[in-house]
Every structure is written in C-alpha cells, then in structure tokens.
Protein chains: 2
Amino acid sequence: MIVRQAANVLEIMEFFAQTRKPATLAEIADHFGWPRSSTFNLLATLSEKGYLYEPRPRAGFYPTPRWLAMARMISEVEPLPTWTHTLIADLSAETGETASIVAPAGVMAVFIDVVESQAAIRYFATIGHRVPIHATASGRALLLQYSQEERDAVYRKIEFKQYGPSTPISIEAVELELRNSVSRGYCQSFADYSRDLAGAAIPLPIGDRRLSVVVAGPEFRIGPKVVEVAALIARTVDRLRPKAAA
Amino acid sequence: MIVRQAANVLEIMEFFAQTRKPATLAEIADHFGWPRSSTFNLLATLSEKGYLYEPRPRAGFYPTPRWLAMARMISEVEPLPTWTHTLIADLSAETGETASIVAPAGVMAVFIDVVESQAAIRYFATIGHRVPIHATASGRALLLQYSQEERDAVYRKIEFKQYGPSTPISIEAVELELRNSVSRGYCQSFADYSRDLAGAAIPLPIGDRRLSVVVAGPEFRIGPKVVEVAALIARTVDRLRPKAAA
DNA sequence: GGAAGATGTACATATGTGTGAATTTATCTG
DNA sequence: CAGATAAATTCACACATATGTACATCTTCC
C-alpha cells in the first residue's frame, strides 16, 4: 500500500526542484489537482516543521535550506569516493551516452549517481531512478556480486514479467544470462526492460558495498559498439580506481 | 490540521540525519513506536519513489543521494550571498554565541542559516527553527522592514500568548517595542519567548528579500553586553556587505 | 539440524483524515 | 470607496487508510 500523503510530500519537493521559484497555495493545488483545503493542510504541516517558508510576503511558499542541511548530513556518511563521479563523467563524455552508478534495493536497482548524455535522443535517468535488478545490465552486474543463497532469496521475491521480447522470465533464464555475462566479461541488456534501450555494465565493488557502473543509450547507437563500450568501462575503472583499495 | 504521514516522512529523514547509518524496518518502527505494518507501508512508499534503498543486503534502509540532488536544485536558486554566512561565522566566533540569518514565514520567523556557539551552555538552534515574529529580536528586525499595512495584516493573525514575563501581549506593546528598537538602533529580546534567552538583532534587507541577523545566547551572558553585541553586528555587516548592493 | 525467536508481509476493519461546501479575508476594478 | 472576485481558512462527515492480527520467512543458538 502506498502512503498517499507521504508521496505527496515528495511530489511537492520535486515540484519546487523543477520550478525553482516560490508557489502559492492555489498554484500548488491547481498544479496537482488537489483540493485547496487538503493542500492547505499539507503546506501547513511542512511549514510547521520548518521545511517551508514565505521568502517574501504574499509571494508564496518555498522550501527552507533545512532540506539541504538534512540532505548533507545524510549524504556525508560514506559518500561515494570522488573518483566514481569522474568515472561516469568520463564515460559519458567518451561515449556520448548516459552513465550511472547503481546500487541494490531489494528486487530493484537504484541509480545513485548519474551523468546524462547530451544527445537529443538519450537515456533519460535521474538519481533515484529504479529498475528491476534481474532485467537490466546494471542490475545483473549487482547480482553477480551476490552469493548463490542471496540470489535465491532475491529470486523468490521477483515477479517475472515480460517487459520486452528478451526479458528473462524465469530464474533459470536469469542464471543463464549471468553465466553468459561472466564468460563475456560484462553484463548487457537489449531492451530487456525498457523499449529501445541497451546498456553495458560491470560490477563495481567498493569496500563492502556492491555497486555497478552502466553505460546506456538507444539500442541503435549502443548495439553496434557494446563490446568497445564494455571494454572502455573496464579500462576507465582500471585507470581511475585507486590501486590500494580492494 | 497536521498531516500525520507527511510529518512522518520528515521524522524519518531527521532520524537518518541523526543516526547516519542504515536502519531496518524493525529498528525504525521501534524507535518511533509505530506499528510494523504502518512502518512497512511508509518505507515501501519512500523506496518506490526512489528515496530509500538498501546499501547492503539485510543491513536495512538508507536515503538515496536523490535527497541531496533535490535539495541542491532547490537551494541553488537565490541562495544567500556567501558573505552572509561569513557574517554569522564571524559574529559567532567573536561573541562566542549562536548567530543566525532569519526570514519571515507568516507570523513566524524561520532560521535559514545558523552558526552555533561552541559554549557548553548555548542557544541551540538549527536551520528551519521557527519562533514567533513579534516576540523575538530577530522577528522584530523583520517587522521593521514591513509597511504599516503589512504589519497590521500580520498582527491580525497573531495569537498573543504570554510566553514569558516580558512578552508583548498586544499590538500596541509590539508597536511600542518597534519604536524603541528604531531609536535604540537595534532590536533586542530578553526572554520574551524562550526562557533565559536573550538576543540582539538588526534588519538585513538583501535585494527585495527581508532578512535579519541575530546573535543570541543565555540572558546572563548576553545581558551585560547587548549594546556592544549590537554594535558589533552593525560593524560586521558594514564590513562584509558589498558596497555596490542595496 | 531443528526449534524458538525475530523480522518482514498481507489483509479486513474501525478510526483518523481528506475533502466539499461554507465562511472569512484579501485583492482588484470602475 | 463600494462591490465584486479571488484566495485562504475552517469544519463536519463519509470514506480511504493506518493498524491489529495472522501468516510467512529468515536468523540464531543449542
């Protein structure tokens, strides 16, 4: 069950992150199609807790810097080492595609850092974006780091759906693809989950954290050069990863 | 009416900002005294939206960097000029007390930047902290920047409460104190709102934004030196504020 | 290796909450 | 400066939702 008012808080914040300017109660209510009274309650709650204020009289609400302060505190802990961002920035620059760092979240994989392609047609992904762990290159690069028991536990929770023609729809299919990835030397996906989307990924263990790097873009661009892209990822990781670390 | 589940989202985030490590469903439920089932729903909602993930198997949930990405987007817009942070940093260093930048939020004043005193006994305030606009030095420094009509509008919404012996409990009392502040050259408060707390503040208009700076601490430390503190604030603002700006 | 305990998930139902309509307050217009 | 229009609040009730209970799954310890 999805907690509506919890989701609404996030929606409001995303709204402000997009518009980047104060908004009045009426504007917010209209934008979301929420009743004014409900919007009033929500805004009052956020204000009361010190997360919204009125920068200038009658110009509406805007988030306080408290969000930033809190987010900083949270992200200070085990931040990603700086070289991982360089990694995806370099990869994106060299390939012209979107590159990301990905982490596990149950049966899903979450994008925790993203550098977007500049191309007009591109893979549009943002930090926080989630994809099924078994049906994506990045996800399978995570699964490769699991023990057999851990993978089995994950499999039990997966609802196998036919997202696209090549989606693996059984445990065996996933395990087979994992074995193939090992012998191939990298993970790949051709529209296994998202239409027209292809990607190449490799595992990226950092300390005891299981992460992966992925480069993804439209099938027609990535397809012909998966091998090179995968090789490039491996080379770039080699170049940037501090030698001392695991 | 306060929207409970909206507040709960904030509580969870504050919880993570404090503990700074992943927490399991059970830990979170126990910490807040929430039922497991409800906690489950909330965590599921936050995860589904891409704001929570599981950094490592079975170690529980932790916020994704999406919070940070969003907060950055929001705060990029009209951030405070850098000199205002220097200002309160200097003030705090010189006085040994807590110094803050404050903005209006209806009948309240919100702390939008804070540098805390290092003293054992100190004014504990965080970004997002809210105080009544009429019963605090910082708040009155905001009111001084309003027109008479605007002030009247605010007064109509204030519930006058006797927070302490010296709290102004009428419009006249507030207006009188404002006039006194003007002739005195700065705003002050001696436990008008918080017990044992005293502060000195001056208006700090920046562009068309109405802000104020305040230095606050225990009455026994601030009391004897309000005049100097106020003078110091004025001098420091003079020194740091770019001459070109309004 | 198996039983006890802890943790995570599903679901029906009573209760707390979102909402539409009414009221108050602010803003615009001639 | 009315009188009209739009925005912000308040409130009582119907219904969506948070929760207690039951079940499943994982972990621990003997």
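Per chain, numbering begins at 1; letters A, B, ... match sequence-line order.
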Upstream residue (5' side of DNA chain C) when A:P35 and B:A26 are each assigned their closest nucleotide: B:A26

A:R156 vs D:dT25: side-chain N/O to OP1/OP2 distance below 4.0 Å: no

B:R210 to B:Y146, cation-pi by 6.0 Å centre distance and 45° axis angle: yes

Euclidean distance, atom CG of residue B:N8 to atom P of D:dT17 [Å, nearest integer]: 15 Å

Along DNA chain C (nearest heavy atom to each residue), the more 5'-positioned of A:T39 and B:F40: B:F40

Interatomic distance where CH2 belongs to A:W34 and C1' belongs to D:dT9 [whole Å]: 18 Å

side-chain N/O B:Q5 vs D:dT17 OP1/OP2, d < 4.0 Å: no

Pair B:E48 + A:R130, salt bridge at N-O below 4.0 Å: no

Separation of atom CG in A:L25 from atom P in D:dA8, rounded to whole Å: 5 Å

Salt-bridge contact B:K157-B:D152 (side-chain N to carboxylate O under 4.0 Å): no

Under 3.5 Å donor-acceptor pair, B:S37 side-chain atoms to D:dG20 base atoms: yes

Polar side chain donor-acceptor pair, B:D192 to B:S166, under 3.5 angstrom: yes

Whole angstrom value for the distance that separates P of D:dT9 from CG of A:L42: 14 Å

Distance test, side-chain N/O of B:K157 to OP1/OP2 of D:dT9, below 4.0 Å: yes

Side-chain N,O (A:R36) to OP1/OP2 (D:dT9) below 4.0 Å: no

Spacing of B:R4 atom CZ relative to C:dT15 atom P, expressed in whole Å: 14 Å

salt_bridge(A:R66, B:D113) N-O dist < 4.0 Å: no

Rounded interatomic separation in angstrom, taking CD1 from A:I2 and C1' from C:dA10: 17 Å

d(OH, A:Y155; C1', D:dC26) in whole Å: 19 Å

Whole-Å gap separating C1' (D:dT21) and CG (B:N41): 15 Å

